[in-house]
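The chain is numbered in sequence order, starting from 1.
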Amino acid sequence: MTVIQSDLFYVVRAFPGHGDAIKHLFKENENFHTLCEDYRLCTEALKRWNETTSDEAPARRREYAELLDDLESEIRKYLDEFEKKSVSEIF
């Protein structure tokens with residue numbers, strides 16, 4: 001259970017104001033659940049590479065930063081779809 005809370009924490013912190021949608025999607029959508037785990041792992045890896053001074057660190061930082069951008073875009077798509085669906089159910 002600790003890992004699940006950790007995955008959620010990272011995504012909720014990155015997307016303030018969307019906590020309820022994130023929690024719902026995390027619980028109901030296996031792909032989104034995996035996406036949250038990937039987001040946490042990528043964030044942690046980027047943090048480690050940012051703290052490293054090895055010769056390969058700059059290249060790894062760029063790779064993980066790009067991956068993090070891609071993951072954030074994918075999360076936004078899920079959130080946008082969830083919000084559109086929620087609004088359409090109201091009307």
Side-chain angles (χ1 to χ4, degrees):
M1 190 77 155
T2 303
V3 172
I4 291 172
Q5 292 172 346
S6 180
D7 295 344
L8 278 174
F9 172 76
Y10 277 86
V11 178
V12 168
R13 185 177 66 184
F15 295 89
H18 298 280
D20 290 340
I22 291 166
K23 290 173 188 171
H24 176 81
L25 287 165
F26 188 87
K27 180 180 174 188
E28 300 294 328
N29 186 306
E30 187 175 332
N31 291 330
F32 188 79
H33 186 112
T34 301
L35 182 59
C36 291
E37 181 181 2
D38 292 345
Y39 185 84
R40 177 187 56 83
L41 292 170
C42 184
T43 301
E44 290 173 349
L46 181 58
K47 182 178 186 266
R48 283 191 303 275
W49 283 111
N50 281 332
E51 296 169 351
T52 303
T53 59
S54 71
D55 291 341
E56 69 178 307
R60 297 290 176 239
R61 282 193 286 265
R62 282 190 300 277
E63 288 175 10
Y64 279 98
E66 288 176 16
L67 178 57
L68 194 62
D69 285 343
D70 291 344
L71 292 168
E72 287 174 348
S73 293
E74 197 167 339
I75 289 168
R76 278 190 201 95
K77 288 178 187 176
Y78 273 95
L79 293 174
D80 288 346
E81 283 299 314
F82 180 81
E83 290 171 2
K84 287 177 187 175
K85 182 181 174 188
S86 295
V87 168
S88 69
E89 289 175 358
I90 293 171
F91 296 105

### Summary
Shortest non-hydrogen pair, Thr52 vs Ala57, comes out as O-CB, 3.5 Å
### Query
If Ile, Leu, Val, Met, Phe, Trp and Tyr residues are connected whenever their side-chain heavy atoms lie under 4.5 Å apart, and connections chain through other members, are Leu71 and Leu46 in the same group?
yes
### Query
Would Leu41 and Ile75 show up in the same hydrophobic cluster when neighbours are defined by side-chain heavy atoms closer than 4.5 Å?
no
#### Entry: For Glu44, salt bridge (charged side-chain N to carboxylate O under 4.0 Å, His left out) partners two or more places apart
Arg40
### Query
Are Tyr10 and Trp49 joined in one hydrophobic group, where the rule is that I, L, V, M, F, W and Y side chains link up if heavy atoms are under 4.5 Å apart?
yes
#### Entry: Partner set under side-chain contact (heavy atoms from CB on, under 4.5 Å) for Asp69, not counting sequence neighbours
Glu72
### Verify same cluster id: Leu35, Phe9 (apolar side-chain graph, 4.5 Å)
yes
### Query
Lys47: what forms a side chain to side chain donor-acceptor pair (under 3.5 Å) with it, not counting sequence neighbours?
Glu51
### Query
Between Asn29 (side chain) and Leu25 (backbone), is there a donor-acceptor pair under 3.5 Å?
no
### Task
May I have all residue pairs that pass side chain to side chain donor-acceptor pair (under 3.5 Å) and include part of residues 58-67, sequence neighbours excluded?
Glu56-Arg60, Arg60-Glu63
### Task
State which residues pass side chain to side chain donor-acceptor pair (under 3.5 Å) with Glu30; sequence neighbours excluded, sorted by chain then number.
none
## Note on the structure
Of all heavy-atom pairs linking Leu68 and Cys42, the shortest is N-SG, 3.7 Å
### Query
For His18 and Glu83, what are the C-alpha separation, side-chain angles and deciding distance, and is it a side chain to side chain donor-acceptor pair (under 3.5 Å)?
CA-CA 10 Å; His18 298 280; Glu83 290 171 2; 2.8 Å; yes
### Message
Applying side-chain contact (heavy atoms from CB on, under 4.5 Å), can you list everything that pairs with Thr34, at least two apart in sequence or on another chain?
### Response
Asp38
### Summary
One should read off an interatomic distance between Glu81 CD and Lys85 NZ, to the nearest 0.5 angstrom, of 10.0 Å
### Query
In this structure, are over 12 heavy atoms from other groups packed under 6.0 Å from Asp20 atom CG?
no
### Summary
Contacts of Tyr39 meeting ring-ring contact (aromatic ring centres under 6.0 Å, His included) (sequence neighbours excluded), chain-then-number -> none
### Task
Could you go through the side chain to side chain contact (heavy atoms under 4.5 Å, CB included) check for Ile22 and Tyr78 one step at a time?
CA-CA 9 Å; Ile22 291 166; Tyr78 273 95; over 6 Å; no
### Message
My understanding is that only residues two or more places apart in sequence, or in another chain, count here; which of them pass side-chain contact (heavy atoms from CB on, under 4.5 Å) with Asp55?
### Response
none
### Query
To the nearest 0.5 Å, how far apart are CZ in Phe32 and NZ in Lys77?
13.5 Å
